[in-house]
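One structure is given here, and the rest of the page talks about it.
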Amino acid sequence: MRTRGSSLQPRLDGLDAAVDAARGRLDDELLDSVEASVARSTGRLQMSAAHTIVAIAGSTGSGKSTLFNTLAGVELSASGAQRPTTSKAKALVWTDDDVEDMLEWLGVPAADQHRRADLSPAPTRSRLPEGVILLDLPDHDSLEVAHHEEAQRVVELADLLIWVVDPQKYADAAIHRRFLQPLAGHRAVTMVVLNHVDNVPEERRPGMLRDLRKLLVADGIRDPRILATSARHGTGIKELRTAIRRRVEEKQNAALRVEADIRSAAVRLQDAGGDAPLTIPDVWVSDLERRVAAAAGVNGLAASAERTARAEALRRMAPLRRNRTETTGSEPGIRRLGPVDRPAVDNAVRAFADSVCRDLAPAWADPIRAAATEGLRETDDRLDGELSSLRFQLRLPGWLTALGVARALVGVCVLAGLLYVAASVMGGASTTLPVVALGVTTLAGAGVVLAGRTVAERVGAEQARTVEDACHQVIARVVRAHVVAPVRGELAPYARFNRGVAAAKQ
């Protein structure tokens, strides 16, 4: 047990961490239940692995007390078919070891503790496997609330459960819903006994057992262990003793029970908390920033800046036109951003929060949505203020004027070439050289014009990128401070919760 216990402790610590992270968010009753399960498991792992707690549980009239007496070989527990006769758990200690700490942990009163050595007549030591603490529990369906609560308390502590049903009530929906379905994850430490089979004709017994098996599988118990017995006539008792002995001699029941409790608690927590990413994917943040940029009109501003810069670059490469413009006193500029489209920004923020909360339970999702949206007005105001304060200056290369001069010189050369060709034609001289010269200057002129347009396009694109980058920096700063950071703050406890659940399920 020590080895198994040490390997189980990190899983128990994971449950503790998950409960701590979920306080104030998930249902307190659920968290208290998991916390109590951790305490029980920790307590059991600190005790002896050489002793196995075997609990016999069932409903009124199922014959569990008679079965307990039959296994003991002596009448220790009063039995009755109609009314509950067991109010406190009774224990038969099948060992000479000191197990006082375990009996105290189980809460079995001294008057209800029976030792093998005190039985009369003295039993054969092989009747039960060495180290067993056999418990007879109050009826689970007792009308006495205290009886039911006592039975439930001890069921949660037992290493191995023997659940007893009878032919009349084995299909009772209440028994399956209230008692057997919660044990679906505890198949490794649960046996189901169909008692009183002596009241069923022998030819009907196989069909009844098959029916019971189907019901247990429907409860979620995979490949359930089922035995048919008659405590009064001894039918199936030998097989039951053998099954108990085999399980006890493995000395793994306590650890298996703790493992089953951990799995069950982890599943309940995960079902209540949901399953979502522990961090916010970068693509979600990028999409939020893109949508906010669209709401702010960044794309339109960048396109306007591109057109303005391209036009100014072309103007600077046309000195004569530039000079005419300058005489009018008009200077090109880039307009500023106006107010953001607040409904569009708000919708983008809500869509972002919905993505984060998509697979989360409301207990986690509601605070996250509130964190994202409660400061929307402040977010919009800050976006308006910071974006409208941006100023953009045209940044054009100084050599554009030189390129304009080159264009003018090439133009002059082309004009001179045309005059040269005309003079040659009129003078009857050879036109070969003038035509070649004209062709060269024309090609050079076309090249310079094409280069100028290419430069203007690049200058415009660069100005657009400058505007976009400046706007996106503002948007990223505002959105991450007012939306993403608060959401991450609310998501952090969920991440701790999820990591704790994951550690418990390992």
Side-chain angles (χ1 to χ4, degrees), residues 51-95 106 108 111-142 147 151 154-155 158-170 175 189-200 202 205 208-209 212 225-249 253:
H51 304 95
T52 304
I53 304 166
V54 180
I56 302 178
S59 54
T60 304
S62 63
K64 60 179 181 55
S65 293
T66 303
L67 193 63
F68 174 82
N69 293 334
T70 301
L71 291 172
V74 60
E75 184 146 343
L76 300 175
S77 188
S79 60
Q82 300 299 324
R83 301 178 58 193
T85 56
T86 305
S87 60
K88 291 287 185 181
K90 292 179 171 55
L92 172 60
V93 181
W94 207 262
T95 180
L106 288 168
V108 179
D112 292 316
Q113 299 175 14
H114 305 279
R115 313 274 173 166
R116 177 178 61 188
D118 298 332
L119 298 183
S120 180
T124 60
R125 300 181 75 86
S126 62
R127 184 172 298 158
L128 290 170
E130 181 67 26
V132 162
I133 300 175
L134 189 65
L135 302 176
D136 179 25
L137 307 189
D139 297 340
H140 249 75
D141 61 347
S142 174
H147 293 188
V154 181
V155 159
D159 300 332
L160 182 62
L161 294 171
I162 301 175
W163 195 274
V164 185
V165 296
D166 67 89
Q168 283 72 41
K169 293 194 295 184
Y170 76 88
I175 292 176
V189 293
T190 303
M191 289 189 288
V192 178
V193 171
L194 178 63
N195 197 27
H196 296 323
V197 293
D198 53 301
N199 294 331
V200 180
E202 191 167 346
R205 294 176 190 176
M208 185 173 289
L209 288 171
L212 175 57
R225 295 177 171 87
I226 304 173
L227 291 172
T229 65
S230 170
R232 287 178 298 181
H233 294 82
T235 304
I237 298 301
K238 180 179 178 181
E239 290 79 4
L240 178 58
R241 290 186 193 277
T242 300
I244 294 173
R245 183 179 303 280
R246 183 180 300 115
R247 298 306 309 279
V248 169
E249 288 175 350
N253 291 285

Are D159 and V189 close enough, and set up right, to give a side-chain contact (heavy atoms from CB on, under 4.5 Å), and what steps lead you there?
-> CA-CA 7 Å; D159 300 332; V189 293; over 6 Å; no
Indicate yes or no: at least one non-hydrogen side-chain atom of [X] is less than 4.5 angstrom from one of [Y].
X	Y	result
S62	D166	yes
L71	V54	no
K64	D139	yes

Could you please spell out the steps behind the side-chain contact (heavy atoms from CB on, under 4.5 Å) verdict for I162 and F68?
-> CA-CA 10 Å; I162 301 175; F68 174 82; over 6 Å; no
Enter the distance from [X]:[atom1] to [Y]:[atom2] here, rounded to the nearest 0.5 Å.
X	Y	atom1	atom2	value
T52	W94	OG1	CH2	15.0 Å
R205	M208	CZ	CE	9.5 Å
Q113	L106	CD	CG	9.0 Å
S59	Y170	OG	OH	13.5 Å

For [X], side-chain hydrogen bond (donor to acceptor under 3.5 Å, both in side chains) partners two or more places apart:
X	value
T70	none
T229	N195
H114	none

Can a donor-acceptor pair be found, under 3.5 Å and without considering hydrogens, that links the side chain of [X] to the backbone of [Y]?
X	Y	result
R127	A72	yes
D112	K90	no
H51	V93	no

Looking only at heavy atoms, what is the nearest atom pair of [X] and [Y], with distance?
X	Y	value
A151	P138	CB-O, 3.3 Å
L227	A243	CD1-CB, 4.2 Å
A231	I237	CA-CD1, 4.2 Å
T95	E130	OG1-OE2, 3.1 Å
V155	L161	O-CD2, 3.9 Å

For the pair K88 and V108, evaluate side-chain contact (heavy atoms from CB on, under 4.5 Å) and give the outcome as yes or no after the intermediate values.
-> CA-CA 8 Å; K88 291 287 185 181; V108 179; over 6 Å; no
Restricting to side-chain contact (heavy atoms from CB on, under 4.5 Å), what partner residues turn up for [X], sequence neighbours left out?
X	answer
S230	V197, D198, R232, H233, T235
L209	L194, I226, A228
R225	R187, M191, R247

Tell me, with the steps shown, if L92 and L119 meet side-chain contact (heavy atoms from CB on, under 4.5 Å).
-> CA-CA 10 Å; L92 172 60; L119 298 183; 4.0 Å; yes
